[in-house]
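Letters A, B, ... mirror the listed sequences (proteins, then strands); counts begin at 1. Atoms considered below: every heavy atom in the structure, side chains included; atoms not considered: hydrogens, waters and symmetry mates.
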Amino acid sequence: MSLDKTYTPHDVEQRIYEQWENSGAFACGPHKTSGGEGDDAYTIVIPPPNVTGSLHMGHALNNTLQDILIRYNRMNGKDTLWQPGTDHAGIATQMVVERQMEAEKLSRHDLGRDKFIARVWDWKAESGGTITRQLRRLGASCDWGRERFTMDEGLSTAVQKVFVELHREGLIYRDKRLVNWDPLLHTAISDLEVENKEQTGKMWYFKYPVANSDGSVRDGEFVTVGTTRPETMLGDTGVAVHPDDERYTDLVGQNVILPIVDRPIPIVADEYADPEKGSGAVKITPAHDFNDFEVGRRQDLEVINVLDHNAAINENAPEHLQGLDRFEARDAIVKEMEGLGLLEKVEENPMTVPYGDRSGVVIEPWLLDQWFVDAKVLAQEAIKAVEDGRTTFHPKQYENLYFEWMRNIQPWCVSRQIWWGHQIPAWYGPDGHPFVAYSEEEAEIAARTHYGQDVNLTRDPDVLDTWFSSALWPFSTLGWPDETPELKRYYPTDCLVTGFDIIFFWVARMMMMGLHFMKEVPFKDVYIHALVRDEKGQKMSKSKGNVLDPLELIDQFGADAVRFTLTSQAVQGRDVKLSTSRIEGYRNFVTKIWNAARYAEMNDCKPDANFDPAKVDLTVNRWIIGKAAEACAQIENAIDAYRFNEAADAGYHFTWGAFCDWYLEFTKPILNGDDEAAKSETRATMAWALDQILHMLHPVMPYVTEELWTQITDRNTQLMLSDWPKLSGLESADAESEMDWVVRLITAVRQVRSEMNVEPKAQLTLRLKDANAETLARLDTHRDLIHRLARIENSGALDGEVEKGSVTAVLDEATIVLPLAGIIDVAAEKTRLDKEIKKLDPEIMKYEKKLSNAGFLAKAPAEVVSEQKERLEGLKADRAKLDEALARLADL
RNA sequence: GGGCGCGUAGCUCAGCGGGAGAGCACUCGCUUCACACGCGAGGGGUCACUGGUUCAAUCCCAGUCGUGCCCACCA
């Protein structure tokens with residue numbers, strides 16, 4: 001079998017993936033690699049994508065990084081579990097299905113709850129597999145046999161148990177308070193689901209007439225209040241002034257008449273009113289403003305709700321305004337106030353307006369009975385766990401973000417007035433008393449005890465916030481509340497890989513729930529990666545329509561190229577901006593690897609099981625082995641520190657810069673020669689080095705490496721299950737310095753050739769002047785490859801004078817002499833030398849200045865001083881040789 | 001109003017107390033027996049600005065300007 005001339009990812013990827021998956025290679029369990037015992041577990045739970053979703057760039061980055069960690073640890077002998085699954089995404093999914101039904105002119109209420117939910121399940125069955133198929137295309141090595149869905153039976157049991165237990169502990173409670181109401185979706189949402197947007201709005205100043213004690217209006221006496229939402233004035237039940245505000249001292253305790261409504265409302269003294277702002281008096285609308293609600297509680301004000309669930313004016317308002325939409329009502333009220341002569345002024349006002357992140361409409365604070373989680377209590381241990389390092393964030397600075405939010409955490413409103421989700425396990429008696437229980441039967445028993453007789457119970461129609469079930473993901477997917485072997489083995493998980501945008505939504509809540517129910521952190525490390533943004537630096541989102549499709553890129557360039565690009569960009573704390581040219585560049589890298597493998601194959605370089613990299617003779621071979629060891633260590637260190645870009649870099653540079661650019665060229669003379677022993681060692685070394693490359697790059701580029709692994713050998717194994725290289729100790733300093741010299745010699749000759757416009761085909765003579773014995777020995781050892789790569793036909797030491805018409809270059813103690821009589825272009829050579837000198841002189845001055853600085857000599861570490869001295873001497877010697885060369889040139 | 005981050009080659013970005021780097025783009029030269037998705041050579045940067053610490057600052061500190069994001073109940 002021989003390798004195809006070109007690598008076509010499209011043909012290969014699907015086949016390879018099926019082979020992996022069908023062989024059971026993804027499955028967890030202590031049966032993995034050939035060498036590893038698999039004693040240590042390594043676990044990652046996938047951030048479950050929305051079941052409605054399809055793969056976007058953020059997923060691609062997120063899952064590429066997880067796959068790197070998983071594949072790397074799997075190769076290192078760990079029993080790895082990458083737990084996959086999807087999220088039911090309550091509101092998002094319900095919206096998708098409702099939108100579909102709109103085409104049939106159906107609402108969910110036409111169907112009824114049961115039928116609607118059945119329809120969502122149908123939809124999930126039909127298109128719920130999209131994203132997991134797409135993750136497969138990316139190459140994700142998840143244990144698909146363990147795939148979970150947040151509304152699976154087992155996970156639903158976990159949700160129920162958590163709700164019931166937290167309720168019994170008093171950490172979930174029902175409360176009537178203002179919540180963020182989405183008037184389009186008709187549900188409450190949590191604080192986090194509200195997006196505050198900067199806008200320029202208006203501030204209207206209304207005059208409220210002051211009333212006499214008998215209720216009549218005092219002529220010409222008003223209290224001015226400002227508002228950005230005039231429609232809420234219909235629900236005003238008070239006006240607050242600061243207790244120390246002397247302007248209003250006399251009015252406290254009296255009433256104003258609320259215009260339009262003609263209701264007397266009290267003027268109260270409350271520190272909430274800021275004398276500095278506006279008139280110093282503020283209207284209080286407890287039913288429609290979070291602050292006002294608090295003031296109302298303190299001041300015992302009436303709470304009058306004037307909006308219905310659509311945020312239209314309801315029956316508590318004057319008849320002529322009822323039924324108007326909130327914004328229509330706003331206009332109408334302003335107009336009416338103006339007509340009454342009670343509009344003092346209107347100002348432009350910069351403000352932040354709350355929008356629902358799903359619906360995109362303005363959110364209304366609305367008074368409702370809802371279920372709340374006492375996050376303040378649960379946060380305590382979660383804060384501690386990060387403080388004491390049981391869980392560590394990478395990069396570390398995200399811990400601040402976490403702390404800040406956790407320390408100021410608010411009660412978490414978890415009930416949602418939608419149908420798709422986990423229905424809250426609460427039943428109400430006739431008087432509305434709630435019974436939280438595992439089943440209706442249990443609730444009935446509790447009710448019987450409570451009421452002393454059988455009563456009819458009604459189940460709470462609400463469902464839980466989607467993030468409630470996501471918060472349990474690290475243990476619910478492992479079987480909790482059952483004490484499964486998996487739970488014991490894989491919890492706590494090792495690393496959570498996610499974007500900073502869901503630290504609050506998800507990470508924080510997993511920490512709270514994990515610690516509360518498992519008594520252990522859900523993950524030891526949290527790796528926060530950057531967001532993949534669009535070219536304007538904006539977050540990609542479906543609603544903005546600026547989403548790039550990773551699948552198209554995979555089609556175009558292959559999954560490996562896309563993965564490598566994302567990895568090379570995955571720098572801690574910096575956003576990823578994708579450019580096609582970059583992906584193209586790494587697609588070329590994939591091709592390069594392929595071609596290198598083809599070359600090895602053509603030269604009969606087959607892996608030899610008996611090859612021992614510690615026992616090779618030839619310097620070139622020891623050199624590439626040492627380089628492989630270095631690269632491998634760099635990759636290990638990089639992955640261990642979650643510096644993915646550095647891992648990608650190290651692999652790239654070793655493969656292309658060392659192996660392809662130099663090693664394959666270095667060894668051509670050997671492979672074409674007739675020294676059988678050298679040939680055989682070199683073949684084995686090349687095959688070995690290529691093997692190391694396949695291993696090292698596998699976590700990032702699984703497909704091409706696996707394909708080559710299976711194609712270039714007849715070993716019946718999978719690369720993904722083979723052992724990570726253990727190369728420490730194979731580094732070779734002497735081979736390194738020797739080959740480095742060869743590289744510099746060749747480069748120097750090439751430079752001269754290029755700048756002198758020497759005919760590319762011309763074979764030159766090379767002489768080394770003033771070369772020491774070691775240098776001459778090196779020339780001798782590597783003569784063949786030097787001749788080949790620098791196009792030299794004859795080389796050796798130069799004993800006499802440099803002959804006229806030679807070009808020279810400096811290489812350590814020696815001078816490279818290239819007799820170019822007849823070819824040399826004097827002017828060009830002078831230009832070249834001048835250029836060199838121009839580069840050197842400022843350098844020399846810099847070091848001279850530094851070394852003449854007494855402070856430097858006295859305070860800098862000795863090794864720094866001597867190093868700088870050496871550097872200066874080297875530069876000076878180079879400079880002297882350049883002068884000599886110039887002098888010789890003058891003779892011509 | 002708080003908080004976090006960023007400003008390094010034309011573009012996208014690494015690096016970071018003692019010799020300025022990569023990919024792409026650009027220039028020149030190559031059908032060199034793996035690869036033109038290639039090979040070789042090259043041009044290009046007061047490392048935003050100002051001040052401080054230090055023997056030494058692109059790197060540490062302070063401030064300024066520009067820019068991005070997160071949080072916040074500002075009538």
Practice task
Looking at every strand, decide which applies to A:Thr591 at a 4.0 Å heavy-atom threshold: base, sugar-phosphate, or nothing.
Solution key: base

Problem - N or O in side chain of A:Tyr586 less than 4.0 angstrom from B:G23 OP1/OP2 - result: no

Practice task
Pick base, sugar-phosphate or nothing for A:Ala858, based on heavy-atom distances below 4.0 Å to the nucleic acid.
Solution key: nothing

Exercise for the section: Under 4.0 Å between any heavy atoms, over every strand shown, what does A:Glu867 touch: base, sugar-phosphate, or nothing? Just pick one. Expected result: nothing

Practice task
Starting at atom CG of A:Asn408, determine the distance to atom P of B:G3, rounded to an integer number of angstrom.
Solution key: 13 Å

Practice task
Measure from NZ or CZ of A:Lys592 to the centre of the six-membered ring of A:Phe659, then state whether that distance is under 6.0 Å and the direction lies within 45° of the axis.
Solution key: no

Exercise for the section: Both distances under 3.5 Å, Watson-Crick or G-U wobble: report the partner of B:C26, or none. Expected result: B:G42

Exercise for the section: Answer with yes or no after comparing the ring centroid distance for A:Tyr586 and A:Tyr652 against a 6.0 Å cut-off, counting only values under it. Expected result: yes

Handout entry: Identity of whatever pairs with B:U32 - Watson-Crick or G-U, under 3.5 angstrom
Key = none

Exercise for the section: Pick base, sugar-phosphate or nothing for A:Glu347, based on heavy-atom distances below 4.0 Å to the nucleic acid. Expected result: nothing

Exercise for the section: Please give the nucleotide sitting opposite B:C60 as a Watson-Crick or G-U wobble pair, both distances under 3.5 Å, or none. Expected result: B:G52

Exercise for the section: Kindly compute the distance separating CE (A:Met406) from CD (A:Glu404), expressed to the nearest 0.5 Å. Expected result: 12.5 Å

Problem - Nearest-nucleotide pick for A:Lys850, side chain only, options being B:G18, B:C37, B:C70 - result: B:G18

Handout entry: Candidate nucleotides B:C33, B:C35, B:C4, ranked by approach to the side chain of A:Arg788 - the nearest
Key = B:C33

Problem - Short side-chain N/O contact to B:G18 OP1/OP2 from A:Lys846, under 4.0 Å - result: no

Completion exercise
Against the side chain of A:Glu646, the closest entry in B:G15, B:C35, B:G19 is B:G15

Problem - Among B:C35, B:C55, B:G19, the nucleotide that comes nearest once only the side chain of A:Asn595 is considered - result: B:C35

Handout entry: Atom pair distance, as rounded to whole Å: CD1 in A:Ile786 and P in B:U32
Key = 23 Å

Exercise for the section: With heavy atoms under 4.0 Å as the rule, sort A:Val864 into base, sugar-phosphate or nothing. Expected result: base

Practice task
Assign A:Asn349 to base, sugar-phosphate, or nothing according to its heavy-atom contacts below 4.0 angstrom with the strands shown.
Solution key: sugar-phosphate

Practice task
Just call it for A:Tyr398: base, sugar-phosphate, or nothing, with non-hydrogen atoms closer than 4.0 Å on any strand.
Solution key: nothing

Exercise for the section: Indicate, with a heavy-atom threshold strictly under 4.0 Å, whether A:Glu584 touches base, sugar-phosphate, or nothing. Expected result: nothing

Problem - Whole-Å distance separating the CD atom of A:Glu665 from the P atom of B:U32 - result: 12 Å

Practice task
Ignoring the backbone of A:Gln569, work out which of B:U12, B:G5, B:C73 is nearest its side chain.
Solution key: B:U12

Practice task
For B:G21 versus B:A14, give the span between their C1' atoms, rounded off to a whole number of Å.
Solution key: 7 Å

Practice task
Give A:Leu664 one of three labels, base, sugar-phosphate or nothing, depending on what nucleic acid heavy atoms sit under 4.0 Å from its own.
Solution key: base

Problem - Phosphate contact (B:U12 OP1 or OP2) by A:Arg582 side-chain N/O below 4.0 Å - result: no

Practice task
Using a 4.0 Å heavy-atom cut-off across all strands, classify A:Ala273 as base, sugar-phosphate, or nothing.
Solution key: base

Completion exercise
With the side chain defined as heavy atoms from C-beta on, A:Lys5 is closest, among B:C55, B:C35, B:C4, to B:C35

Handout entry: Side chain of A:Lys859 - closest among B:C73, B:G19, B:C55
Key = B:C55

Exercise for the section: Scan A:Arg791 against the nucleic acid and name what it touches under 4.0 Å (heavy atoms): base, sugar-phosphate only, or nothing. Expected result: base

Practice task
Quickly work out the A:Asp604 CG to B:A34 P distance and round it to whole Å.
Solution key: 14 Å

Completion exercise
The nucleotide from B:U12, B:G19, B:A22 with an atom nearest the side chain of A:Glu843 is B:G19

Fill in the blank from the handout: Quick tally for nucleotides 38-45 of chain B: nucleotides whose base has a protein heavy atom under 4.0 Å get B, sugar-phosphate-only ones S, the rest -, giving SSSSS---

Practice task
Take atom P in B:G2 and the same atom in B:G44, then report the distance between them in whole Å.
Solution key: 46 Å

Exercise for the section: Mind checking A:Thr228 for me? I need base, sugar-phosphate or nothing, with any heavy atom below 4.0 Å counting as a touch. Expected result: sugar-phosphate

Practice task
Describe the nucleic acid contact of A:Arg871 in one word from base, sugar-phosphate, nothing, applying a heavy-atom distance below 4.0 Å.
Solution key: base

Completion exercise
With the side chain defined as heavy atoms from C-beta on, A:Lys761 is closest, among B:A34, B:G19, B:U31, to B:U31

Completion exercise
note: A:Tyr599, atom OH; B:C37, atom P; distance rounded to Å ~ 21 Å

Exercise for the section: Provide, to the nearest angstrom, the distance between the CG atom belonging to A:Leu401 and the P atom belonging to B:G3. Expected result: 13 Å

Practice task
Any chance you could lay out the salt bridge (charged side-chain N to carboxylate O under 4.0 Å, His left out) test for A:Glu759 and A:Arg791, step after step, and finish with the verdict?
Solution key: CA-CA 11 Å; A:Glu759 187 63 27; A:Arg791 301 227 164 204; over 6 Å; no

